[in-house]
Amino acid sequence: MTITSPHLGSPAVWTDAKLLYALEEVVETELNRHLKVAKDWMPHEYVPWSDGRNFPGLFEDGEAWDKEQSKVTEIGRIALVVNLLTEDNLPSYHHEIASLFGRDGAWGTWVHRWTAEEGRHGIVMRDYLLASRAVDPDKLERFRMEHMSEGFESDNRHSMLHSVAYVAFQELATRISHRNTGHQSGDPVCDRMLARIATDENLHMVFYRNLLKAAFELAPDLTMQAVRDVIVNFRMPGHGMPGFERFAAQMAIGEVYNLRIHHDDVLQPVLRHLKVMDIDGLGADGRQAQEELGLFLGGLDSEAAKFDEKLAARKARMAARAGA
């Protein structure tokens, strides 16, 4: 990709403004592709409304919540709440990307479209949780208020390029988390709902992944450094919610999201598709970032192997107890 616009100046000195301008045409192409393949869907069609009934409060006939009222598994309940509260921070996410990408042109159109599509996810998940009585509604609302009152700041808010690199991986991570939550939920209705959400997340990943590919063609050294930084310091957007570390540990054991899944199903697919470790012709900074990324991935794979061993041992112990 060759940049000839006189507005860009020398591509040797990239700024966020120059990269935004240079990627505008790619954003427009990807936006048009996205709009052709994305399908509108109705959140209310995925909610088991006939299972719903009044909770105590303004309704005298309200029935108090009890977890036995729902068929959702304990790990499914935990993951659903984490996923929902992550989605609840959409206003903050919109503010972040609108500030980085702008509200005009193809960038702005994408920002608003992405926000609208993501809005469905929180709507349908909350409606499902309440109609199916999968969670205590009072605790859920207090948890939402506490989490959102803390606000959200991205680790990558300092750089448009880092933000693009981050969401290329994070959207896939979210897709995987939703799908695995559905599989572990114990409820086919929940599984179907989360599969629909995961389809959206995959399309969002493809948009950002293709944008990241274009960034590699424009500014390979800077993009390689951004990818290294993002992967080495990767955190899910819900990391700031109260109790997140405990929930994340439970989700890891429950095989919703853990080191092995992160390495094999999130990082590696994007890196392989972009052939990141095979890119040549890099400058000194780019080569160093590529080497450091390779070393980090090797270490992460080793840590994932240790986790696999511990998880297998735990399963063996539980099976032995069950058979005793």
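Please read all numbers here as calculations on a predicted model, not as lab measurements. Values below: every heavy atom of this structure, side chains too, minus hydrogens, waters and symmetry copies.
In this model, no donor atom of one side chain and acceptor atom of the other lie less than 3.5 Å apart for Asn233 and Tyr166. Using modelled atom types and a 3.5 Å distance limit, the side chains of His147 and Asn89 yield a donor-acceptor pair. Residues Asp187 and Ser132 bring no donor and acceptor atom of their side chains to less than 3.5 Å of each other. Side-chain contact, Glu201 with His121: a donor N or O sits under 3.5 Å from an acceptor N or O. Gln225 and Gln288 share no donor-acceptor pair across their side chains, judged by distance under 3.5 Å alone. His273 and Gln268 are not linked by any side-chain donor-acceptor pair at a separation below 3.5 angstrom, with hydrogens and angles left out of the test.
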Practice item. Let me see the working for Arg287 and Asp280 under salt bridge (charged side-chain N to carboxylate O under 4.0 Å, His left out), right down to the final yes or no. Key: CA-CA 8 Å; Arg287 287 194 303 272; Asp280 54 18; over 6 Å; no

TODO: Determine, step by step, whether Arg53 and Arg133 satisfy the side chain to side chain contact (heavy atoms under 4.5 Å, CB included) criterion, reporting the C-alpha distance in whole Å, the side-chain angles of both residues, the deciding distance to 0.1 Å, and the verdict.
DONE: CA-CA 9 Å; Arg53 48 201 185 276; Arg133 290 186 165 244; 3.4 Å; yes

Run the side chain to side chain donor-acceptor pair (under 3.5 Å) test on Glu63 and Gln69 for me, step by step, so that the C-alpha distance in whole Å, both residues' side-chain angles and the decisive distance to 0.1 Å come before the verdict.
CA-CA 11 Å; Glu63 180 181 351; Gln69 296 165 347; 3.2 Å; yes

**Prompt:** Can you check salt bridge (charged side-chain N to carboxylate O under 4.0 Å, His left out) on Asp308 and Arg260, steps first, answer last?
**Reply:** CA-CA 7 Å; Asp308 291 341; Arg260 175 55 63 202; 2.9 Å; yes

Exercise. Can you list the steps and then say if Glu96 with Arg157 is a salt bridge (charged side-chain N to carboxylate O under 4.0 Å, His left out)?
Worked result: CA-CA 7 Å; Glu96 290 271 351; Arg157 61 189 180 279; 5.4 Å; no

Under the criterion side chain to side chain donor-acceptor pair (under 3.5 Å), I'd like the reasoning laid out for Asp200 against Trp41: C-alpha separation, chi angles, the key distance, then a yes or no.
CA-CA 10 Å; Asp200 281 0; Trp41 55 279; 3.1 Å; yes

Derivation and outcome, side chain to side chain contact (heavy atoms under 4.5 Å, CB included), residues Arg103 and Val111:
CA-CA 7 Å; Arg103 294 175 172 82; Val111 166; 5.8 Å; no

Does Arg113 form a salt bridge (charged side-chain N to carboxylate O under 4.0 Å, His left out) with Asp40? I'd like the steps, not just the answer.
CA-CA 12 Å; Arg113 174 72 188 199; Asp40 279 340; 3.7 Å; yes

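Between Glu255 and Lys315 there is a salt bridge, with a side-chain nitrogen of the basic residue lying less than 4.0 Å from a carboxylate oxygen of the acidic one.
When atom types are taken as modelled, the side chain of Asn54 and the backbone of Gly62 share no donor-acceptor pair closer than 3.5 angstrom. A donor-acceptor pair under 3.5 Å is formed between the side chain of Asn32 and the backbone N or O of Glu28. Although no hydrogens or angles enter the test, the distance criterion places a donor-acceptor pair under 3.5 Å between the side chain of Ser163 and the main chain of Asn156. In this structure, Thr174 contributes its side chain and Gln170 its backbone to a donor-acceptor pair below 3.5 Å.
Using a 4.5 Å cut-off on side-chain heavy atoms (C-beta onward), Arg77 and Thr73 make no contact.
Of the inter-residue distances, the one linking Ile279 atom CD1 with Leu274 atom CG reads 7.0 Å to the nearest 0.5 angstrom.
Nearest heavy atoms, Ser177 versus Val256: O-CG1, 3.8 Å. The two residues Leu20 and Met160 make their nearest non-hydrogen contact at N-CE, 3.7 Å. Annotation for Val189 and Pro48: closest pair CG1-CD, 4.0 Å, computed over non-hydrogen atoms. Among all heavy-atom pairs drawn from Ile123 and Pro43, the shortest one is CG2-CB, 4.0 Å. Shortest non-hydrogen contact noted between Ala106 and Leu31 is O-CD2, 4.1 Å.
Between Trp110 and His34, the ring-plane angle classifies as perpendicular under the 30° and 60° cut-offs. Note: His204 and Trp114 have tilted aromatic rings, judged against thresholds of 30 and 60 degrees for the angle between ring planes.
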